Each structure stands twice: as C-alpha cells, then as structure tokens.
Amino acid sequence: MLRSDSPKAHLTALFQHAASQFALAEHISIELERPKQASHGDFACNIAMQLAKALKRNPREVAQLILASLPVSDLVEKTEIAGPGFINIFLKPVAWQNVALQTLQAGEEYGRSGLGQGKKVQIEFVSANPTGPLHVGHGRGAAFGASLANVLAHAGYQVHREYYVNDAGRQMDILALSTWLRYLSLGNQFVPFPANAYQGDYVSAMADSIFALHGDRYMRPAAEVIADVADATSDPEGHLDGLIANAKRLLGADYAYVHGHALEEQLGDGRNDLTEFGVIFDTWFSERTLHESGMIDKAVKQLQQHDHIYEQNGALWFRSTAFGDEKDRVVLRENGIYTYFAADIAYHLNKFERGFDRVIDVWGADHHGYISRVKGALTAAGADADRLTVALVQFAVLYRNGVKASMSTRSGQYVTLRDLRAEVGNDAARFFYVLRKSDQHLDFDLDLAKSQSNDNPVYYIQYAHARICSVLSAWGGSEKDLIDVDIARLDQPQELALLRRIAEFTDTVDAAARDLAPHSIAYYLKDLAAELHGVYATCQFLVDDEALKLARLSLIAATRLVLRTGLALLGVSAPEKMTREEVQPSPENAQAATSLTNDESRV
RNA sequence: GCCCCCGUAGCUCAGUGGAUAGAGCAUCCCCCUCCUAAGGGGAGGGUCACACGUUCGAUUCGUGUCGGGGGCACCA
C-alpha cells in the first residue's frame, strides 16, 4: 500500500482540512517549511500565527484549535506547539521511507510539478549577432536559457526554444565589409583596415575561403573603395558607413553573396558551438524575414491606428513616454530604414500571434532599459504585455591573470565560448555558469576554472552518481527488483536525511521554474550529493543481510535517478565512472610551491 | 541626473517574514585491511553595509544614506 503523494502534499491536505473551519482560512495558503533544527520536527506550520490577528486570539490558542481538528494520519508520529505558535510535525520514518519507492516508480517523471499545466511557453535566448564567435558572455545566456528551458519543461510547460538571428542591419554590413576588405588585400588591393571593423582572425579566414572558392570575382580597385569616404580618425563610424556604401555600389548584386557568406559562416559556427554545448533550439528566427514579409510595416501601422506614432525630423517616432519610457523612440529612420526596435515590436507581436501563453526573453543586463520600451509597444499595439517576461542575466566578467579581460567582439580580443569549453570542459562550464543567480555578476576566473577544475562542485555531484553506479554494478541485479522491497529497514539518520532530500526535488523544480532560477537546481544537487556521500561513509550497501541490502540499494537507486534527472536539467552529464587524470606537478608549479613556502618561512 | 543589479564568514557565494543565518575554498585536527579518499567527521571564523519605518516577529518587505558593478543611440 504505497501512497502516491509526498509527505508534504499529504500534510498540506490535512492542514487545509483543519483550517477550513475558519472562514478566513480560504485566503491563507498552507505553508509547511522544513525547520533548520531537527528538534523542531520534520515540518513546521505557521498558520496559527497567520490566523491569530484576524481571529483576535492568541496564536498558541489558535494552534490548539487547528490541532484539534487535524485529521488523524498514519504518517504522523506527533505534533507540538512551539515558540510563538508554530505547529511542529514529527513524521514516522515510514513517511520518508516510502519516498524511495515512489521515486523509483515515477522514474524519469519524478520531480514533475503541475506548475506549467501544459501551457505553451516560448523562451528566446542567446540571440547573439552572428558577427563572430560566441564569447563567454554569450555562454552564460546559453547555459542559463537552456537550463531554464529544461526546468520549465520538467515543471509541466510545453517549451519552445528560439534564437533570434540579427541578420539585418549595420553590424552585419560591417562584418561583410570587414570580410571583403581582407579579401581585397589577397588581390593586392590594399584599403587601410578600419580600427572599428571586425579584427578577428575568423574574418581573414572567411576572406581566404571566398578567394579560394571564387578567385578575384569580387575584386575591386582599392582607390574606388575609399573614394569619397569620410576621414577615419575624425569620423570613424561615418568612415565605415562610407565604405559599406561603396561596397554595395561596387559589388552590386554580388554584395549579397559576400554578406550571405559571412552570415552563414558565423551562424553555422555559433550553431555548432551551441550544439556541442548541449544547447539546442527549435527555431532560428530571422530578423530579415520581418522586413521582407512586411511584418514590420504591419506592426507600425497597428501602432499608427492606435495613434501612438508621430513624425518629427523626417523620422517616425513611437510615443513610448505614454507607456512609462523616459523618451520617445524612433521606429522608422530619416533614411527610410526601420530601427532594430521596430523589428523587435513586430517580432514580439509575432510571438504572441503564434499562440504562446507565455513568452520569456533572456537578455543581457545591459538591455534593461529596453524592457519598458518593448512592453510599452506591445501594450500600445493592443497586446497583453504581461505575457512577456524578460529575464535579465548579469554580465559574466572574465578574469585572466587576475585582470579583467576585454570582451569586445570588434577588437577580436576575447575568449570564445569554444576556448572556454575546451579548457574546462562542457560539464564544468555548464555548471559553473548556472551556479550563480542570474542577477548576480559572474566573475569567471579563467585561471581558477582551469587550474582547479578538479575542485569544481560538478565533480562532487558526478562522483556521487558514479559511486552509486559502481555499487549497483557490483551488485549486478536489476533496478526493477528494488521497487518492491522492505523499505522499513532504512533507519539510519543519514539514510532518512537522504530520503528527505529526495522528497524535496519536486518542490525545488517547482520553485526554480516559478522564479526562473535554475541555479537552485545546482545547489539542490550539491546538497543531495552531500547526503549521498554521508550515507556512503556510514552504511555498507552490499551486506549479507539480503533485506537490508535491497532496502539500501533501493535508496541509492532512487538517489541516482534524481541526480541524473537534475544533472540533465542543467545539461551536465552523469558519468558512471570517474577516472582521475593523475596530474604530475610541472617544474614551474613545483618551483612556485617552493618559493611560496620560502616566503612564508621568512615571516 | 535617471534606471537596473549587488553589499551575508578571510575569499567566492547560497538562503529565509519566524524559533540557534549556511555551503565551498582557505586555516587547524582526525578517518582508507572495507562498494573509487574527486569521500567522510570535527574546530575556529558573522553588528547579514548603515539608519529609519511596516510587522506579533525583519538579515528577508519599504524608504533613505554609503560603497561596488552596469545601462541610458535615427547601434544591433
């Protein structure tokens, strides 16, 4: 007779029943928390204190009334009223022991919560300009977004992952120009390479490949390329724009090829990078299609119909100040080209049209000022802006040799996500990225990540998983035989602590989904692994007592399931074996260690 | 000037409207004849930046101050 509800859900129902005698209780949610101190029981309920004021009675007195009408349960050992009016509940061991069997029965479904109720949610993340390799800042957005998407899916949402491709606009033109200038130099047409163009080696590589494929088909005289272009020192941006205009004129229809080649190369590179990082998208949505399909025209017309657009200085402005923005914003420039903002309005209206109940954008914290603008435009267009949630992810600041490293894509001086993955591994990178709250700045110390990768908490968790695999493998039996065992043999404090932790998983997933906080999964897994290691250190699993052995194996099999499920949510692998690479101290390290010792001995 | 994030142990950071605020690293001390010691146990270490409010109760919520970081384009 295995119950299907968790101990907490069971108790919540009991308290709901007990509280229903008070009319006011309908507005109060039953909160059961796990006390920090074991002497306060398995759960503590503060409902008496919540009700006390409205009832104008002493909280301890209210607690008495609640307890008097609390239905009898075979899981409850005893209850007590403590402190200012807490009701502490002590459960019988069987309440927790059942958790192991419940977990094994649920299998991969364990931890699912009803939060999402099958609602469709779209999550858009990364969406980096395809103008160069992804860097460590994009990595954080990728790891956060992918983990959050997994968490939402496990919490019962139907999740759609999308990448918005900024394939229109000036930045892409600058990349195309940069590539073309490098290409021209291959035919000895030397145009001074602008300092504010894309400097990275990947640009030259693309030029090489175009030259290899098509020879001098796109070659033009350098003198014509720089003709009538603004001075590079006094007007660097105007200089770039002049070069772009000349490139478009001189190349004619061929410009689209150079532009398209650069786009495809960079987008493909980013896609491969992300795929290797375990970050997969359902849709890659092209900004250009918004322009070409007339969706932006439509969106702006929609705003015009609601009288939120006016003309000034030859441009069209959206009156965003009417929606809480600090100033009005241009949607159609004087030159007749829509702004990025205009495209984004159309894009978000399109998201809503596609029938998502909820839309989540993962943006870098530098975009925070942009939120009110987009939401304002959605409201202005008659859409429900509350269906859009923007999750801001603070910067990942990179440190190398203790110094903040430059992160500029144009200057080409940055560490790529690919480099980072190669150095610390995908698992450590994914885990490290989500180990901080998203609204916390992340100091990513490369040297530390590299030199101490063996101390990374991800290994601690993976090791717990590997240990279980090792034991179950040595046992050699089938996991199915562990679903129906005499679980009452689990009575050690460490075993019960582990069971309690396993029981928390569903609430953890639920809270992580609700708060858009995948980091709490990472912290939960650390705690879970710690409990497992504790049991491992105190209990022998493969003992002669057959019933005890099966009970303990059942416990660790359930633990393995939760570890696996949780790690999968974070995109981290769950290895069955951990093999340590014996690192021999290099001569420099040995020297450094020696000199450090000498320094200390001088004190 | 306006807006956003942060301020918790020596360091990096979790956490909570509740009853004695936690982890990892670092420091110190223990534990492998035994399923991987990438492990376990223990010790020390705190004015939860500061002030005032709200509350039965504030480290948590609000306001202000101070400190750190970031953002305020007819760029994307």
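Throughout, a chain's letter reflects where its sequence line sits, starting with A, and its residues are numbered from 1. Not measured: the values here are computed from a predicted model.
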Chemist: Compare the minimum distances between each of A38(B), A73(B), C6(B) and the side chain of Tyr459(A), then state the nucleotide with the smallest one.
Modeler: A38(B)

Chemist: From the options A76(B), G15(B), C34(B), select the nucleotide whose nearest atom is closest to the side chain of Gln540(A).
Modeler: C34(B)

Chemist: If you check every side-chain atom of Gln171(A), which of A14(B), C35(B), A76(B) has the closest atom?
Modeler: A76(B)

Chemist: For a quick check of understanding: with a heavy-atom distance under 4.0 Å over all strands, which category does Ala44(A) fall into, base, sugar-phosphate or nothing?
Modeler: base

Chemist: Indicate, with a heavy-atom threshold strictly under 4.0 Å, whether Ala168(A) touches base, sugar-phosphate, or nothing.
Modeler: sugar-phosphate

Chemist: Under 4.0 Å from OP1 or OP2 of C72(B): is there any side-chain N or O of Tyr370(A) that close?
Modeler: no

Chemist: Whether the His441(A) and Arg436(A) side chains hold a donor-acceptor pair (N or O, under 3.5 Å, no angle test) is what I'd like checked.
Modeler: no

Chemist: Under 4.0 Å between any heavy atoms, over every strand shown, what does Tyr536(A) touch: base, sugar-phosphate, or nothing? Just pick one.
Modeler: base

Chemist: Using ring centroids (six-membered ring only for Trp), state whether Tyr163(A) and Phe285(A) fall under 6.0 Å.
Modeler: no

Chemist: Under 4.0 Å, counting only non-hydrogen atoms across every strand here, what does Cys539(A) touch: a base, just sugar-phosphate, or nothing?
Modeler: base

Chemist: What nucleic acid atoms does Phe86(A) come within less than 4.0 Å of, heavy atoms only: base, sugar-phosphate, or nothing?
Modeler: base

Chemist: Would you indicate what Ala464(A) reaches in the nucleic acid, counting non-hydrogen atoms under 4.0 angstrom: base, sugar-phosphate, or nothing?
Modeler: nothing

Chemist: Can you find an N or O donor on one side and an acceptor on the other, under 3.5 Å apart, linking the side chain of His441(A) with the base of C6(B)?
Modeler: no

Chemist: So what does Glu334(A) hit on the nucleic acid, given a heavy-atom distance under 4.0 Å: a base, only sugar-phosphate, or nothing?
Modeler: base

Chemist: Using a heavy-atom cut-off of 4.0 Å across all strands, would you classify Lys577(A) as base, sugar-phosphate, or nothing?
Modeler: base

Chemist: Side chains of Val330(A) and Leu316(A): does their closest heavy-atom pair fall under 4.5 Å?
Modeler: no

Chemist: What does Asn313(A) touch in the nucleic acid at a heavy-atom separation under 4.0 angstrom: a base, only the sugar-phosphate, or nothing?
Modeler: base

Chemist: For a quick check of understanding: with a heavy-atom distance under 4.0 Å over all strands, which category does Phe541(A) fall into, base, sugar-phosphate or nothing?
Modeler: base

